[in-house]
Amino acid sequence: MPESIKKLSYFEGKIVPESEANINIKTHALQYGTTVFGGIRGYYDSSSDNLYVFRILDHYKRLVNSTKIMQLQFTKTPEELRDITLDLLKQSGYRRNVYLRPFIYTSALQLSPRFHDVPTELAIYVLELDDYLDTKRGLTTMVSSWRRFDDTVIPTLSKVSGGYVNSALAKSEAVQNGYDEAIFLDGRGFVSEGSAENIFLVRDGKIITPSISSSLLEGITRRSVLQLAKDSGYEIIERDITRSELYIADEIFFSGTGVQIAWVSEVDKRKIGNGEMGPITKKLQSTFFDLVVGKNQNYKHWLTPVY
Ligand code: PMP
């Protein structure tokens, strides 16, 4: 089918032209970072002429959990959120890779930072998106001078917009110093994650990643990588990782909805491995890129077709 795109968003209970999805400057969430949000990808496969949304219910479960952690007034279920999203994508007509940004924000035109006793709204917009960071070239990284906030500061398992001040500081520091991405240490000084992606190391054929005790967001892509690695027979270890382990890793890669699976060639000017994409990263990345467009029957249950 030829593609004919309508730019639509979900806003204040209905699907509307994107140009009409605007909020008042007095909106509570805009002042206090009290929005919880998600980021979901849809992958277009030309051979089956379909758009596949990746792990939509898992993303929406995390979003609903974010509202629960933050005590936001919100009653929609992950299944209802899925149905709204599929309707939005169908009506929009995309036949290309997209990124969905659903969010629930405190919508009152009121002062006072709080989560209780404030009305909320759900909104969803759609962007066309291929790579967010280059997945073929190795990424250069630095350990950030900013520590990742911990769960006693802002709940780390909630994807709350206020927490992204931390990510923005680290990302800008890294890019302004000539690097592609930042790596956070947690409050204790152990490796946590990137500014918007989880991190994995390979040492002696074993895959190592920090556990959720290292203040990270529990990524849906992280969960997928762990499953793929397990299914491929790799040993996986979730544990604390020290900074110096980064320097001597054989391979390092990031996972995330935006970044997908991207390899790291350098940390703090130390070349990782032999400076090329390592075999385990390569295998996981190619499996991932095949499965998101429906080319691997074993993981078709992670995909929801739009058409
Ligand atoms: N950590 C942070 C801080 C993020 O913003 C993201 C992106 N949502 C991730 C990790 C990766 O999570 P996911 O795989 O669910 O996109």
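Atoms within each ligand, like the ligands themselves, are counted from 1 in listed order. Heads up: numbering here begins at 1 and tracks the sequence. In what follows, every heavy atom counts, from backbone to side chain, and hydrogens, waters and symmetry copies are set aside.
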**Request:** Sort and list the pairs that fulfil ring pair (Phe, Tyr, Trp, His ring centres under 6.0 Å) and have at least one residue in residues 84-114, not counting sequence neighbours.
**Result:** Phe103-Tyr105
**Request:** Show the numbers, then the answer: is there a salt bridge (Lys or Arg N to Asp or Glu O under 4.0 Å) between Glu128 and Lys7?
**Result:** CA-CA 10 Å; Glu128 295 165 17; Lys7 293 252 174 210; 3.8 Å; yes
**Asked** Any ion pair linking Glu193 and Arg148 (charged N to carboxylate O, less than 4.0 Å)?
**Response** yes
**Asked** Does Asp150 pair with Arg188 as a salt bridge, N-O distance under 4.0 Å?
**Response** no
**Request:** For residues Leu226 and Arg222, determine if any side-chain heavy atom of one lies less than 4.5 Å from a side-chain heavy atom of the other.
**Result:** yes
Sub-3.5 Å pairs, protein N or O with ligand 1 N or O:
residue  : atom   : partner : partner atom : Å
ligand 1 : 1 (N)  : Glu193  : OE1          : 2.5
ligand 1 : 5 (O)  : Lys159  : NZ           : 3.3
ligand 1 : 5 (O)  : Tyr164  : OH           : 2.5
ligand 1 : 8 (N)  : Lys159  : NZ           : 2.9
ligand 1 : 14 (O) : Ile220  : N            : 3.2
ligand 1 : 14 (O) : Thr221  : N            : 2.9
ligand 1 : 14 (O) : Thr221  : OG1          : 2.6
ligand 1 : 15 (O) : Arg62   : NH1          : 2.7
ligand 1 : 15 (O) : Arg62   : NH2          : 3.1
ligand 1 : 15 (O) : Ile220  : N            : 2.7
ligand 1 : 16 (O) : Thr257  : N            : 2.9
ligand 1 : 16 (O) : Thr257  : OG1          : 2.6

**Message:** For residues Ile56 and Tyr43: do they belong to one hydrophobic cluster (side chain heavy atoms under 4.5 Å, members Ile, Leu, Val, Met, Phe, Trp, Tyr)?
**Reply:** no
